[in-house]
Enquirer: 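This structure is in structure tokens; I'll ask about it shortly.
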Amino acid sequence: MKVISVVGARPQFVKLAPIDHAFKKAGIEHLIAHTGQHYDPEMSQSFFDELQISPPDFNLGVGSGSHAEQTGDMMIKLEKIFLETSPDLVLLYGDTNSTLAGAIAAVKLKIKIAHLEAGLRSFNRAMPEEHNRILTDHAADLLLAPTDVAIKHLTKEGLAEKSAMVGDVMVDVCLQTKVRVTSNRPEFGPEISSVNLVNGEYFVATIHRAENADDTTRIKAIIESMQGLPAPVILITHPRLAAKAAALGINLSSGSVTSVKSVSYGQMVYLVANARGVITDSGGLQKEAYIIGTPCTTIRTETEWPETLVDGWNTLSEPNDLAKNALRSKPTSPTTLPYGDGHAAERVAKVLLENFS
Ligand code: UD1
């Protein structure tokens, strides 16, 4: 069986790693098409190196642009690749513009599609990710759901027959990485090394969603709150946030905040595992914090990962309440395993072989 994975953005490289490894073990021929949505070396190549992912067979080099420009350019290039390689299946990941482009290009060519991380819903139609995931789920032939809640959403939309609950492949890579960095502390660059990071007494933060980073009032309130926290904050700064801060003349590294351009996946898992709390608007990081057992404050009005909200492990927060929420005490209840046991990628390989070989 020949499967082609379409990836393009940072979180998709993380999910690709366990899939690539599991496909090798299962004897599935695996091609990788990288759209180039994320192109900075530290947003892209570093993940392939660190997580030992096979190099992409195709680099589309699409880069940044408006939604239509970016998605359209990807579709045109993916169509050529799909025609050239005639895969049995196109595998799509998550909810980015790269996901949607792969879905439209494949469905029009009548190539089978499997969608990993199917069934997630924020019910917020203002999010580009919500458009991407709904459209991709409805174009796909097999919906690989990470949670029971996702299966419920798919069932409501009449997609139950095409759905399979496999767990979340991010758990696979997160747990493996936690073991690696626990026994072998990653080295940090000068900015992070210059901060006095006492275990359990600092915060790690990322803010990149368009609804926060592109909104002047919200982003100012978020940054001011973080800068005023009574504990160091390591802010890993996505290019979208860096651009907005520069446009507003905001120095991100001020007060409690130390801003760094990027960290490796291993450094991130290490930082989260030893932090007092995480402050983020990322989907993946909320879940990683929960899996690792670090409280998270999510600067959004809803989450696609409601399981993380149990007992206050994760709390949704408006920018103005960020400090109060981030400083709450750590829940005492144990975290559970709603996202699977760390073997989701093997299950994906098995389900694909059963359905498409
Ligand atoms: C995308 C996804 C989002 C995901 C996020 C992970 C969509 C609609 N959004 O958002 O769901 O959570 O990736 O990071 O697909 N840029 C660089 N270098 C890069 C990549 C981007 O400088 O390597 C800058 C560019 O100015 C670009 C901006 O970041 O315009 C936004 O990048 P883009 O890929 O369009 O969206 P993300 O905000 O990263």
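Ligands are counted one by one from 1 in listed order, and the atoms in each one are counted from 1 as well.
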Enquirer: Nearest protein heavy-atom contact for atom 8 (C) of ligand 1: which residue, which atom, what distance?
Expert: N97 OD1, 3.4 Å
Enquirer: Could you check atom 1 (C) of ligand 1 against the protein and tell me its nearest heavy-atom contact, residue, atom and distance included?
Expert: Q37 NE2, 3.7 Å
Enquirer: Just to be sure I read this right, does ligand 1 sit under 4.0 Å from the backbone of S98, its side chain, both, or neither, counting only heavy atoms?
Expert: neither
Enquirer: Could you check which of D40, L285, V62 puts a non-hydrogen atom nearest to atom 18 (N) of ligand 1?
Expert: D40
Enquirer: At the 4.0 Å heavy-atom cut-off, does P11 count as touching ligand 1?
Expert: yes
Enquirer: Under 3.5 Å, side chain of R218 to main-chain N/O of D215, donor-acceptor pair present?
Expert: no
Enquirer: Among all protein heavy atoms, pick the one closest to atom 27 (C) of ligand 1 and tell me residue, atom and distance.
Expert: S64 OG, 3.2 Å
Enquirer: Report yes if H67 has an N/O atom closer than 3.5 Å to an N/O atom of ligand 1; otherwise report no.
Expert: no
Enquirer: Are E84 and K77 close enough for a salt bridge, meaning some N to O gap below 4.0 Å?
Expert: no
Enquirer: Under 3.5 Å, N or O to N or O, is T96 touching ligand 1 that way?
Expert: no
Enquirer: Is it true that the side chains of H30 and D20 contain a donor and an acceptor less than 3.5 Å apart?
Expert: yes
Enquirer: Could R209 and D281 be called an ion pair, given the rule that one side-chain N must be under 4.0 Å from one carboxylate O?
Expert: no
Enquirer: Counting the benzene-type ring for Trp, do H153 and F123 have ring centres under 6.0 Å apart?
Expert: yes
Enquirer: Side chain, backbone, both or neither: which applies to H38 and ligand 1 if a contact is any heavy-atom pair less than 4.0 Å apart?
Expert: both
Enquirer: Give me the nearest non-hydrogen protein atom to atom 31 (C) of ligand 1 as residue plus atom name, then the distance to 0.1 Å.
Expert: R240 NH2, 3.8 Å
Enquirer: Of the listed options (S66, P128, G36, P239), which comes nearest to atom 29 (O) of ligand 1 when hydrogens are ignored and any heavy atom counts?
Expert: P239
Enquirer: Do H38 and F13 have ring centroids that are under 6.0 Å from one another?
Expert: no
Enquirer: With a 3.5 Å cut-off and no angle check, do the side chains of T298 and N314 form a donor-acceptor pair?
Expert: yes
Enquirer: Centres of the W305 and Y290 rings: under 6.0 Å?
Expert: no
